[in-house]
Amino acid sequence: MPKIRLDGLTKRYGNFEVLHGIDLEMDDAEFTVLVGPSGCGKSTTLRMIAGLETVSDGEIYINDKPISHLEPKDRDLAMVFQDYALYPHMDVAKNMSFALRLQKRPRAEIDKKVHEVAEMLGLTEYLHRKPAELSGGQRQRVAMGRALTRDSSTFLFDEPLSNLDAKLRTQMRAELAMMRQRVHKNMIYVTHDQIEAMTLADRIVVMHDGHIQQEGKPETLFKTPVNKFVAGFLGTPPMNFLDAVIESKGDDTYLTGHNFSLRCDDATLQRLTDYPLQEICLGIRPSDLEYDAAAHADESLSLQVDIAEYIGAQSVLISHSGEQKVMVELKSDTPITLGEELNFRVSLEDIHLFNPSDDRAIP
Amino acid sequence: MSYSTINRLTPYIFLAPALVIMVIALLYPLGYMVFGSFRDWDPSQSIGETSFIGLGNYISLWNDPNFHESLIVTLKFAITVVFVEMIVGVGLALLLDRNLRGMSVLRTMFILPMMIAPVVVGLIWRYMYHPSIGIFNQTLEKIGLGSVDWLGQHALLSVIIADIWQWTPFIFILSLAALQSLPRSALEAARIDGASGWQQIIYIKIPLMMPVLIVTCLLRLIDAFKVLEVILVMTEGGPGLSTEILALRISRTATEFRELGVAAAMSNYLLMLLLILTIIMLAFNKLQEMKAERQRRAVEAEKG
Ligand SMILES: Nc1ncnc2c1ncn2[C@@H]1O[C@H](COP(=O)(O)OP(=O)(O)OP(=O)(O)O)[C@@H](O)[C@H]1O
Ligand SMILES: [Mg+2]
């Protein structure tokens, strides 16, 4: 499969720059997931790769050949649009077979392919309906099907599962995961869904305001985010950020915040050797807080639990410590009383440290 | 009366005056025309003094070669102009549907002819077609091609050209509006699916524009069958009967030949012709829908 590379890709609408020099190299047949908040430029990036938006600056390379001057049809790619973009006057089968019919493939082959994909997406009984007669989720599946009937070398997905219900979404995610092992294709996938990003991606690219914040394997991004934005963006419920100062008391060093004071172990002291400031920001994932009534004050947070959100085996506690809101994720059968001050143990090796002056992570 | 009945009736009560006026304004002249078409009616008589002659006017028209001639001229005229105007208008719209600089000026220029009063259009073209001082013949002579007898031997063609010049813009702007309201993302999807510019036109743009095109075509056809002023000013129906379209013949029958009943019957023939055309067009549209619907039902029945 051809290798895609973005080199300083920039997009301006008039004087307004929305993408500021995106550099990205995707490996052969890699599943790349773009994530980021709404408006950060994910769709724009995808549309530029597809050839639907002009490139203001920089270049897109496929197999080291610049392609930004090529028409979409000459780029050998299929795309699922965020707003479906179905052909309103064609029924589902015609929508799905349009590209193949343009290529003048044999009738039997087209029918076979369409039925195969329709079967996989649960669309068989809708093949002769027009898009206007389908629900949002069904339309989205047709949009997906239209791309999957193609055998392009690159697939672009713009939030292809966003309108499906939870069950269908899980099912389609599994189909996609299976498909990506079966077929050897380049896939670039935009999503808001953490689980989709984590389960499907070979490489996650976190974008913010037209910049790439960090890219890498899902577990790398999750375990070692380079800054507060990435740390806060990946993971649900999101990471808690607590402001603290570094204090020395006697022989020991403490990370002291509004309502807590954690004693640093040697490893943490090591991390802080070159750190120039007094102020520091702690990042603690909700799942790294452990309920322990007996925990000592210098190794735990004392939190008052306001609400427990039951989500099955796990519950999310929304609690506070002074003004600070803190979320905790734990097993639902943990005995918790709402409204009381409870101790939650923090292991320092799980803590992320950030420099509050530039929000960068302290490794 | 219950509250809900009053509620339901309120809109009709408010609409009633307007409806009454509309029905009278619409039906009275129509009724008058139908009534008159069954009578032997001279303009000096009031309609009460005329005598009833049944289908006499219709039958004599049915056998009148001049009426046939006029009908054929009208058909030739209307079908040719609408056909050419549709192709040129839609073609221009497809060509100019892009956001380049200067496009809006160009578009405005294209629709100018439509804004000129038909009588003025007739006069302009009459002078341009003038055998000796008209711009066409002067140009042709200058480049040594000799002159053409525009409003003589080629009168029908000449009035057809003038009509195309005036009314192509109508189809152009409606098609352009239709094009610009097409779902952009469907066109983008087609580009990704590998459709060339031409294939996008054939498979996406034209089918999606179809409802607008059908209505546009219908409006133009109805108008073309009733055309009068431009031809009246340019040729007065001549030479001979070569450009005597129905509207012109109707007006001459009423004023020159003083046969109001015959003129009314002729109008009714024209009305019936237009009605049939409209019905055919609408039925065609409906048929397409029904065919798709039936196909779908069949497939679903097969499944379920
Ligand atoms: N045609 C346009 N003219 C001006 N600005 C635009 C245009 N299209 C997009 N933008 C801007 O570009 C930025 C990126 O848009 P884009 O659609 O790529 O966001 P996104 O990351 O896909 O967001 P979402 O998750 O909501 O789909 C946005 O701030 C948007 O307002
Ligand atoms: Mg988007």
Side-chain angles (χ1 to χ4, degrees), chain A residues 43 46-47 49-53 70-105 118 123-134 139 142-143 146-147 149-152 154-156 158, chain B residues 90 94 97-101 103 175 177-216 284-304:
Chain A
S43 297
L46 218 55
R47 291 168 54 82
I49 297 172
L52 296 171
E53 296 288 348
L70 290 183
E71 272 289 300
K73 68 183 171 64
D74 301 322
R75 299 187 184 198
D76 186 24
L77 36 80
M79 178 164 175
V80 181
F81 288 79
Q82 188 167 4
D83 55 356
Y84 323 139
L86 301 178
Y87 309 123
H89 58 300
M90 299 185 197
D91 63 17
V92 171
K94 292 236 163 63
N95 260 284
M96 286 174 38
S97 60
F98 186 60
L100 300 179
R101 284 185 287 133
L102 286 179
Q103 293 166 12
K104 303 249 176 344
R105 301 284 190 84
L123 287 171
T124 314
E125 51 188 309
Y126 307 114
L127 279 177
H128 294 277
R129 291 224 195 148
K130 295 265 180 72
E133 302 162 337
L134 298 174
R139 281 178 216 177
V142 178
R146 187 172 58 185
T149 46
R150 310 262 314 267
D151 43 9
S152 323
T154 302
F155 287 84
L156 308 175
D158 199 347
Chain B
V90 174
L94 287 167
D97 174 34
R98 52 196 82 199
N99 292 316
L100 296 180
R101 231 189 247 238
M103 268 308 161
S175 314
L179 267 175
Q180 295 189 334
S181 65
L182 293 189
R184 279 197 45 183
S185 58
L187 288 166
E188 289 179 341
R191 286 170 70 193
I192 301 262
D193 271 347
S196 63
W198 186 242
Q199 287 169 325
Q200 287 170 45
I201 290 176
I202 300 289
Y203 296 120
I204 313 284
K205 291 183 183 174
I206 299 274
L208 286 179
M209 287 164 76
M210 215 25 127
V212 175
L213 293 186
I214 287 180
V215 173
T216 311
F284 178 76
N285 208 17
K286 190 86 201 158
L287 211 71
Q288 299 284 80
E289 276 170 30
M290 271 162 40
K291 215 165 71 187
E293 175 77 17
R294 233 195 345 265
Q295 196 180 343
R296 211 193 73 209
R297 286 261 164 78
V299 171
E300 274 170 14
E302 198 178 298
K303 290 255 155 50

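In what follows, chains are A, B, ... by sequence order, proteins preceding strands, each numbered from 1.
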Please check if the side chain of A:Arg150 supplies one atom and the backbone of A:Leu77 the other of a donor-acceptor pair under 3.5 Å.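 Such a contact is found between A:Arg150 side chain and A:Leu77 backbone.
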Can you check whether B:Met209's main-chain N or O pairs, donor with acceptor, with A:His89's side chain at less than 3.5 Å? no
Is there a side-chain contact between A:Asp91 and A:Leu127 in this structure, where contact means two heavy atoms from C-beta onward sitting under 4.5 Å apart? no
Is there a side-chain contact between B:Asp97 and B:Ser175 (heavy atoms, below 4.5 Å)? no
Closest approach of [X] and [Y], non-hydrogen atoms and distance?
{"X": "B:Arg191", "Y": "B:Gln200", "value": "CG-NE2, 3.2 Å"}
{"X": "A:Arg146", "Y": "A:Thr149", "value": "O-OG1, 3.0 Å"}
{"X": "A:Pro88", "Y": "B:Pro183", "value": "CG-CG, 4.1 Å"}

Hey, what do you get for [atom1] ([X]) to [atom2] ([Y]), rounding to the nearest 0.5 Å?
{"X": "B:Thr216", "Y": "B:Met210", "atom1": "OG1", "atom2": "CE", "value": "11.0 Å"}
{"X": "A:Leu134", "Y": "A:Leu123", "atom1": "CG", "atom2": "CG", "value": "8.0 Å"}
{"X": "B:Leu187", "Y": "B:Lys205", "atom1": "CG", "atom2": "NZ", "value": "6.0 Å"}

Mind ranking B:Ala190, B:Pro207, B:Ser196 by heavy-atom pairs under 4.5 Å with chain A and telling me who comes out on top?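 Option with the greatest count: B:Ala190.
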Could you look at B:Gln199 and say if it's the side chain, the backbone, both or neither that has a heavy atom under 4.5 Å from chain A? side chain
Examine whether an atom of A:Ala50 lies under 4.5 Å from a heavy atom of chain B, and if so say whether it belongs to the side chain, the backbone or both; otherwise answer neither.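 For A:Ala50, backbone and side chain are both near chain B.
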Under 4.5 Å heavy-atom distance to chain B, tell me which part of A:Arg75 shows up: side chain, backbone, both or neither.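 For A:Arg75, no heavy atom lies under 4.5 Å from chain B.
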Should we say atom CZ of B:Arg184 is surrounded by more than 12 heavy atoms from elsewhere, each under 6.0 Å from it? no
Contact listing (chain B partner; residues 94-103 of chain A; heavy atom under 4.5 Å):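 Listed by number, the contacting residues are A:Phe98, A:Ala99, A:Leu102.
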Could you please state which residues from residues 79-87 of chain A sit under 4.5 angstrom from chain B, measuring non-hydrogen atom to non-hydrogen atom, sorted by number, or 'none'? A:Met79, A:Phe81, A:Asp83, A:Ala85, A:Leu86, A:Tyr87
